[in-house]
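What follows is a short report on a single structure.
Given the structure is predicted, the values throughout are model-derived calculations rather than measurements. Order of the sequence lines fixes the chain letters, A, B, ..., with proteins taken first and strands second; residue numbering starts at 1 for each chain. Both backbone and side-chain heavy atoms feed into the values below; hydrogens, waters and symmetry mates do not.
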Protein chains: 2
Amino acid sequence: MKNQDFINKLRNSGLRPTKQRIKICEALFNTEKTFHFTVNDLAKMMQKNFNEKISLATVYNTLHAFKKKGYVKEISLGNDKSYFDTNISSHHHFYDTKTNELIDIDSSKIELKNIPNPPKGKSIKEIDVVINVENDSQ
Amino acid sequence: MKNQDFINKLRNSGLRPTKQRIKICEALFNTEKTFHFTVNDLAKMMQKNFNEKISLATVYNTLHAFKKKGYVKEISLGNDKSYFDTNISSHHHFYDTKTNELIDIDSSKIELKNIPNPPKGKSIKEIDVVINVENDSQ
DNA sequence: CTTCTACTTTAGACTGATTATAAACTGATA
DNA sequence: TATCAGTTTATAATCAGTCTAAAGTAGAAG
């Protein structure tokens, strides 16, 4: 994908294609594989690999905007900070509770049967399966 | 359960039965139903319902000790604060992302099939299923 | 090409949950 | 009853995330 594609993508979704947003698009979507990251990871990556100092507030703003547009997903873990994922397909995770390592599991790999009805008046938005793992004790 | 039972329970697991820990046991385990709470919830509950002002730091210490002993569970949600659960049986949750309401789902209700093998060298510790729900739009 | 305006970015202040600290306290044991 | 390691406590410190108000910028209009 080229810069112009990102510019169009941003414009089409009502986000002004600013220098910062375009650079973040490059960092997130010009990769072969999808990946997980924290806000801090991304801010540091922008500075180191893209030579672009972007304010933390802007990184937060941009990620939340991208999340709302469905360009990234946010992952909930038993951790103080939140993780983002450029893999936006429906999928689950292995999570190493000791190292905080995250590994995708394709949603087709796990079959969920007998999902109970949601409480009255509520409807299901998404189902997250987190398989907590740990290194075998040596 | 009486106080003496809690004292024994604590002593048997290597925790000194202090006044604060015994009171917290009463609050958590002398109930008909299991329930969910935050650290703040518990601190306030201790003061109001048990007339016992317990320092926040102690509430944190005690809950972490109880968690390590398996007397409570901690629940991971996409939320800044963490939730505890006196239901220590293996189970899952409905989670209302708007109201932060949590509802238990017995683990027998959901069938998980084809759980993939964990990454090499790691083993599965626990599987958490969170069904995110939202109020139907009116 | 300039002007204008609404949308963005930014540094830094702020918040709220959690953890660390260091002094005072207390249960268990001799 | 004296001792001491384990606990509690108030408070300071930390850290992710949000807010704010000022400065910057994209895009439309002239």
Side-chain angles (χ1 to χ4, degrees), chain A residues 3-4 6-25 27 36-47 50-69 71-72 74-84 97 100, chain B residues 3-4 6-25 27 36-47 50-69 71-72 74-84 97 100:
Chain A
N3 267 12
Q4 191 54 50
F6 293 131
I7 292 175
N8 293 336
K9 178 176 180 165
L10 289 167
R11 222 179 247 128
N12 290 337
S13 55
L15 296 171
R16 258 195 213 167
T18 65
K19 193 175 57 153
Q20 293 84 345
R21 286 173 177 163
I22 296 166
K23 281 282 179 186
I24 289 179
C25 278
H36 306 113
F37 60 96
T38 64
V39 170
N40 247 294
D41 292 341
L42 182 55
K44 280 182 193 158
M45 187 197 305
M46 296 314 301
Q47 181 134 36
F50 291 79
N51 226 45
E52 190 77 34
K53 189 195 169 320
I54 299 181
S55 153
L56 257 191
T58 301
V59 179
Y60 276 103
N61 287 340
T62 304
L63 282 175
H64 290 151
F66 283 11
K67 180 188 170 187
K68 197 173 285 179
K69 298 299 180 185
Y71 301 157
V72 296
E74 194 169 5
I75 307 170
S76 317
L77 300 167
N79 203 358
D80 47 343
K81 54 192 158 218
S82 80
Y83 286 78
F84 288 89
T97 49
N100 292 328
Chain B
N3 266 13
Q4 191 54 51
F6 294 131
I7 293 175
N8 293 336
K9 177 176 180 163
L10 289 167
R11 221 180 249 129
N12 289 338
S13 54
L15 296 170
R16 258 195 212 165
T18 65
K19 193 176 58 156
Q20 292 85 344
R21 286 174 176 162
I22 296 166
K23 282 282 180 188
I24 289 178
C25 278
H36 306 113
F37 59 97
T38 65
V39 170
N40 245 293
D41 291 342
L42 181 56
K44 279 183 193 156
M45 186 196 305
M46 296 314 302
Q47 182 134 35
F50 290 80
N51 225 47
E52 190 77 34
K53 186 192 170 322
I54 300 181
S55 155
L56 255 192
T58 301
V59 179
Y60 275 102
N61 288 341
T62 304
L63 282 175
H64 289 150
F66 283 12
K67 180 189 170 189
K68 196 173 287 179
K69 297 300 179 186
Y71 301 157
V72 295
E74 195 169 3
I75 308 171
S76 318
L77 300 167
N79 203 358
D80 48 340
K81 53 191 158 216
S82 79
Y83 287 77
F84 288 87
T97 49
N100 292 328

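OP1 or OP2 of D:dG17 lies within a sub-4.0 Å distance of a side-chain N or O belonging to A:Ser82. At C:dT18, one or more side-chain N or O atoms of B:Tyr60 fall inside 4.0 Å of OP1 or OP2 (strictly under the cut-off). Contact between the side-chain N/O atoms of B:Thr38 and the OP1/OP2 oxygens of C:dA17 is not found at any separation under 4.0 Å. Contact annotation: B:Lys53 reaches the phosphate of D:dA10 (side-chain N/O to OP1 or OP2, under 4.0 Å). For D:dT8, the OP1/OP2 oxygens have no side-chain nitrogen or oxygen of B:Arg16 closer than 4.0 Å. Using a 4.0 Å cut-off, some side-chain N or O of B:Arg11 falls inside it from OP1 or OP2 of C:dA28. Distances shorter than 4.0 Å separate none of the side-chain N or O atoms of A:Thr18 from OP1 or OP2 on D:dA26. Considering only side-chain N and O atoms, A:Arg21 lies under 4.0 angstrom from the phosphate OP1 or OP2 of C:dT9.
In this entry the distance linking NZ of B:Lys81 with P of C:dT18 reads 8 Å, nearest Å. The interatomic distance linking B:Leu63 (CG) with C:dT19 (C1') rounds to 14 Å, in whole Å. For the pair B:Ile24 CD1 and D:dT9 C1', the interatomic distance rounds to 13 Å; values are reported in whole Å. Rounded to an integer number of Å, the gap from NZ of B:Lys19 to P of C:dT26 is 8 Å. We find that CG of B:Leu15 is positioned 12 Å from P of C:dA28, with the value rounded to whole Å. Taking atom CG of residue B:Asn61 and atom P of nucleotide C:dA20, one finds them 10 Å apart after rounding to whole Å. Taking atom NZ of B:Lys23 as the reference point, atom P of D:dT9 lies 13 Å away to the nearest angstrom. Rounded to whole Å, the distance from CG on A:Leu56 to C1' on D:dT18 is 11 Å.
Counting only N and O atoms by type, the side chains of B:Gln47 and B:Asn51 include no donor and acceptor under 3.5 Å apart. Between the side chains of A:Ser76 and A:Tyr83, no donor-acceptor pair is found at a separation under 3.5 Å. Side chains of B:Thr58 and B:Gln20: a donor-acceptor N/O pair is absent below 3.5 angstrom, by distance only.
The residue among A:Ser55 and B:Asn40 whose nearest nucleotide of DNA chain C lies closer to the 5′ end is A:Ser55. Across the interface with DNA chain C, nearest-nucleotide mapping of A:Gln20 and B:Ile7 shows A:Gln20 to be the residue nearer the 5′ end.
Atom NZ of A:Lys44 sits in a sparse spot, with 12 or fewer heavy atoms from other residues, nucleotides or ligands closer than 6.0 Å.
What you find for A:Phe50 and A:Lys23 is that their closest heavy atoms are O-NZ, 4.2 Å.
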